[in-house]
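Quick one: the structure is below, and I'll ask about it shortly.
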Amino acid sequence: MRKGIPVSPGVAVGTAYCIPDIFVDPRGKPLDETEVLPELNRFEAALEATAADLRALYQKVASQVGPSEAEIFRAHEAILHDHSFREKVRDYVVTEKQSASAALRHVMDEYTAIFEKTEDEYLRERLDDVRDVIRRLSGHLSAMLQPGQTPIQGPLIAIAEELLPSHVVALGDLQISGVVTQTGGQTSHAAIIARSRGIPAVTGIRGILRQVATGDMVIVDGRDGHVIFNPDPETEKAYRKLEREFFDLKGHLAENRDHPAVSADGEHIDLLANINNVADCKTAAAMGASGVGLFRTEYLFLTHPDVPDEEEQLTAYRDVIRASPNHRVTIRTLDIGGDKTVPYLGHAREANPFLGWRSIRLSLEHPEFFLTQLRAVLRAAAPEPGVKKNVRLMFPMITTLEELRRVRMIVRRAQNELTAERKPQGEVSIGLMLEVPAAAIMIETFLKNVDYVSVGSNDLVQYLMAADRDNPKVSHLCQPLSPAVLHVLNQVISACRAAGKPVTLCGEMAGAPRAFLLLFGMGLRSFSMSPAFVPVIKDLVSHVTARRAEQIVQTALEFTTSRQIQHYMSEQLREIAPDLSMLESET
Ligand code: PEP
Ligand code: MG
């Protein structure tokens with residue numbers, strides 16, 4: 001049994017499906033003499049396929065973003081064609097009788113050892129490029145293996161070093177019922193994806209891929225973060241029972257999808273969904289959300305083979321608007337950087353990526369590219385017969401008023417261009433994502449310049465607590481249920497209400513039962529969350545009055561430690577809706 005960080009609640013029992021990672025030792029039993037030549041041929045084919053990818057990427061990025069941004073792919077091609085690199089890989093296959101994947105890993109280790117000795121930042125960044133090229137090559141190698149492999153039967157527990165958007169695409173229709181990863185915290189990709197699918201997940205289990213093999217039985221307990229490998233029959237039986245209860249509870253809650261979201265004393269709340277793509281919109285509708293409160297557009301970019309152009313973006317956004325409940329969508333512009341990167345928007349290694357060149361800072365530095373996205377959103381919002389749209393534009397990580405002004409100028413430019421080109425466009429309201437403490441402090445000033453505010457509590461908490469949201473070592477600090485966070489949220493919500501500006505919260509805490517009770521008590525009435533949590537919160541709010549929630553807030557704000565708040569909120573939740581405790585990750 002191992003203990004990690006519970007990031008998506010519930011219990012699942014299933015067969016391990018290890019997502020191979022080139023950077024985790026893929027050494028296998030030695031190849032037969034007869035297998036060596038075919039393996040070298042496979043490597044050649046992967047080299048060709050990778051070179052073709054890189055050339056296509058160069059062309060697309062050069063036309064969409066700019067030639068200097070595309071240069072990175074020329075550099076990657078040069079690495080691919082490097083004679084000594086190819087020879088090292090071939091030599092290893094021949095002499096060690098290992099697969100090309102194992103050879104790539106070995107060569108990567110060799111380069112890492114050499115590069116690590118250097119103090120030169122430029123050279124260290126080149127190591128990232130080698131890693132990218134090797135990852136791409138290895139993707140082709142494993143794709144070539146696919147046809148002969150028998151897919152294992154679900155339900156499966158996905159086990160990975162880190163769950164990347166590309167993995168999620170590759171996993172496609174496999175029946176994944178749980179996720180365990182080595183890296184990542186409460187708001188990492190793995191966590192957000194698992195929560196949006198309503199499946200339990202645990203992160204922060206170091207060395208996981210060395211401990212478990214595809215086909216092993218695994219139990220994931222997303223309530224307290226336990227992961228059990230190859231359990232004894234008694235344990236398995238007990239967890240299968242819990243899994244059934246979890247399933248039944250989710251099924252039972254989903255039955256309330258057509259009921260209004262209203263508290264025990266008649267206060268209506270707005271429950272919106274966080275989505276990444278059209279498939280999530282369908283889940284949002286099935287779960288009874290009344291709209292989409294956060295469309296994370298970066299997934300379109302992160303899962304695209306190259307760069308989506310304006311027409312592709314237009315289609316993607318329009319499809320999402322059409323598929324969303326009530327055609328109500330808040331579209332967040334590209335939020336890349338920090339933990340999520342695309343090579344064509346800058347590749348510099350940063351000492352503190354979350355404090356660095358990310359999100360709106362990156363968009364403002366690539367104004368033409370940003371303009372393309374804004375044009376696509378405005379066009380997607382254009383009226384269509386029989387579809388009454390309600391589209392909002394939202395900008396992430398705004399820190400200063402100057403940024404907001406520049407953003408507004410670029411929006412105006414996009415609107416003017418479309419008018420001049422006689423292309424139809426829709427009305428959109430403009431909102432600020434409140435994620436940076438500086439903006440929280442200056443909230444009154446910002447409120448005069450936006451139509452609405454959406455609190456991005458995942459980032460706001462990490463910046464308030466100075467604790468990286470993806471680093472398991474500091475996850476005890478990156479906690480929404482802490483005194484400082486609650487005080488700031490209370491002030492922000494009050495300021496928005498006093499100014500008469502709509503306010504939503506779209507971080508993961510909106511769908512966490514204990515945190516929800518506090519936000520509701522602070523007067524928040526609009527929440528955006530992973531679709532799977534919409535029925536949970538709808539049920540929870542029906543068991544509590546606004547009056548009681550206000551009293552809970554009063555008490556909670558008097559506590560001076562996170563521990564007291566968490567303990568008190570667990571008690572309150574058990575009193576108000578005992579069944580829902582199973583749906584809360586206990587961090
Ligand atoms: C947030 O920061 O709370 C948020 C919703 O955005 P993301 O998790 O995509 O950074
Ligand atoms: Mg954020």
Side-chain angles (χ1 to χ4, degrees), residues 7-8 163-165 168 184-196 201 203 271-277 280 284 289 291-303 329-342 353-363 392-399 403 431-440 452-471 475 478-482 485 488-489 492-493 503-512 515-516 519 524 526-531 533:
V7 294
S8 180
L163 204 60
L164 303 172
V168 178
Q186 278 284 350
T187 53
S188 61
H189 279 311
I192 287 173
I193 289 161
R195 291 170 76 95
S196 76
T203 66
L271 294 183
L272 305 162
N274 293 351
I275 61 132
N276 298 325
N277 51 35
D280 291 348
V292 165
L294 169 64
F295 172 18
R296 290 183 164 102
T297 57
E298 54 277 6
Y299 280 82
L300 174 66
F301 294 78
L302 291 166
T303 56
V329 186
T330 301
I331 303 182
R332 172 177 75 188
T333 60
L334 196 57
D335 191 1
I336 287 273
D339 57 335
K340 314 165 196 147
T341 49
V342 288
F354 273 117
L355 298 183
W357 200 46
R358 61 168 293 214
S359 200
I360 198 69
R361 302 171 184 182
L362 229 141
S363 294
R392 310 199 298 181
L393 248 175
M394 176 158 87
F395 299 96
M397 221 192 152
I398 296 284
T399 309
E403 283 171 344
L432 159 84
M433 234 181 141
L434 193 99
E435 310 192 270
V436 180
Y452 69 94
V453 167
S454 186
V455 181
S457 54
N458 301 340
D459 276 315
L460 185 60
V461 172
Q462 83 162 339
Y463 293 132
L464 277 172
M465 302 300 289
D468 182 341
R469 59 193 261 182
D470 283 340
N471 184 344
S475 65
C478 196
Q479 284 299 332
L481 297 189
S482 57
V485 171
V488 171
L489 288 173
V492 166
I493 294 168
V503 52
T504 306
L505 184 140
C506 63
E508 295 302 310
M509 68 185 286
F516 167 81
L519 295 166
L524 193 67
S526 175
F527 305 81
S528 192
M529 61 198 69
S530 300
F533 288 86

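Note that ligands are numbered from 1 as they come in the structure, with each ligand's atoms numbered from 1 the same way.
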- Got Met397 and Asp459 here, is their nearest side-chain heavy-atom distance under 4.5 Å? no

- Message: So, regarding Arg469 and ligand 1 (criterion: nitrogen or oxygen to nitrogen or oxygen, under 3.5 Å), is there a contact or not?
- Response: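 So ligand 1 has an N or O lying under 3.5 Å from an N or O of Arg469.
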
- So does Asp459 have any N/O/S atom less than 2.8 Å away from the Mg ion (ligand 2)?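 Checking Asp459: at least one N, O or S atom is under 2.8 Å.
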
- Query: At a non-hydrogen distance cut-off of under 4.0 Å, which region of Leu294 contacts ligand 1 (side chain, backbone, both, or neither)?
  - Reply: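 Side chain only.
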
- Please could you name the atoms of ligand 1 that Gly456 approaches to less than 4.0 Å, counting only its heavy atoms?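 Those qualifying, in numeric order: 1 (C), 2 (O), 3 (O).
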
- Using a 4.5 Å cut-off on heavy atoms from C-beta on, say whether the side chain of Thr504 contacts that of Thr330. no

- Under 4.5 Å between any side-chain heavy atoms of Phe354 and Tyr463, yes or no?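 When only atoms from C-beta onward are counted, Tyr463 and Phe354 do touch, with a gap below 4.5 Å.
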
- Between the side chain of Arg332 and the main-chain N/O of Thr297, is any donor-acceptor distance below 3.5 Å?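 A pair under 3.5 Å: no.
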
- Val292 and Leu272, any side-chain heavy atoms less than 4.5 Å apart: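 Leu272 vs Val292: side chains apart.
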
- Which of the ligand 1 atoms, numbered from 1, are nearer than 4.0 Å to a heavy atom of Cys506: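 Reading through ligand 1 atom by atom, the close ones are 5 (C).
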
- Message: List ligand 1 atoms under 4.0 Å from Arg296, heavy atoms only on the residue side.
- Response: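 Those atoms are 4 (C), 5 (C), 6 (O), 7 (P), 8 (O), 9 (O).
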
- Message: Out of all atoms in ligand 1, which are within 4.0 Å of some heavy atom of Glu435? Include the element for each.
- Response: 1 (C), 2 (O), 4 (C), 6 (O)

- Answer key: the N, O or S atom of Glu435 nearest to the Mg ion (ligand 2) is OE2

- Query: Can you check whether Ser457 has an N/O within less than 3.5 Å of an N/O in ligand 1?
  - Reply: yes

- Message: Tell me whether Glu508 reaches ligand 1 (any heavy atom closer than 4.0 angstrom to a ligand atom).
- Response: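 No, Glu508 has no heavy atom closer than 4.0 Å to ligand 1.
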
- Task: Using a 4.5 Å cut-off on heavy atoms from C-beta on, say whether the side chain of Leu519 contacts that of Phe527.
- Result: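 Phe527 vs Leu519: side chains touch.
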
- Message: Is there a side-chain contact between Arg296 and Asn274 in this structure, where contact means two heavy atoms from C-beta onward sitting under 4.5 Å apart?
- Response: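 Contact flag for Arg296/Asn274 side chains = yes.
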
- Query: Counting only heavy atoms, which portion of Arg332 has something under 4.0 Å from ligand 1: side chain, backbone, both, or neither?
  - Reply: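 For Arg332, the contact with ligand 1 is made by the side chain alone.
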
- Message: With heavy-atom distances below 4.0 Å as the criterion, list the atoms of ligand 1 near Met433.
- Response: 4 (C), 5 (C), 6 (O)

- Task: Report yes if the side chains of Met394 and Leu294 come closer than 4.5 Å at any heavy-atom pair, otherwise no.
- Result: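 A side-chain contact exists here, since the closest heavy-atom pair is under 4.5 Å.
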
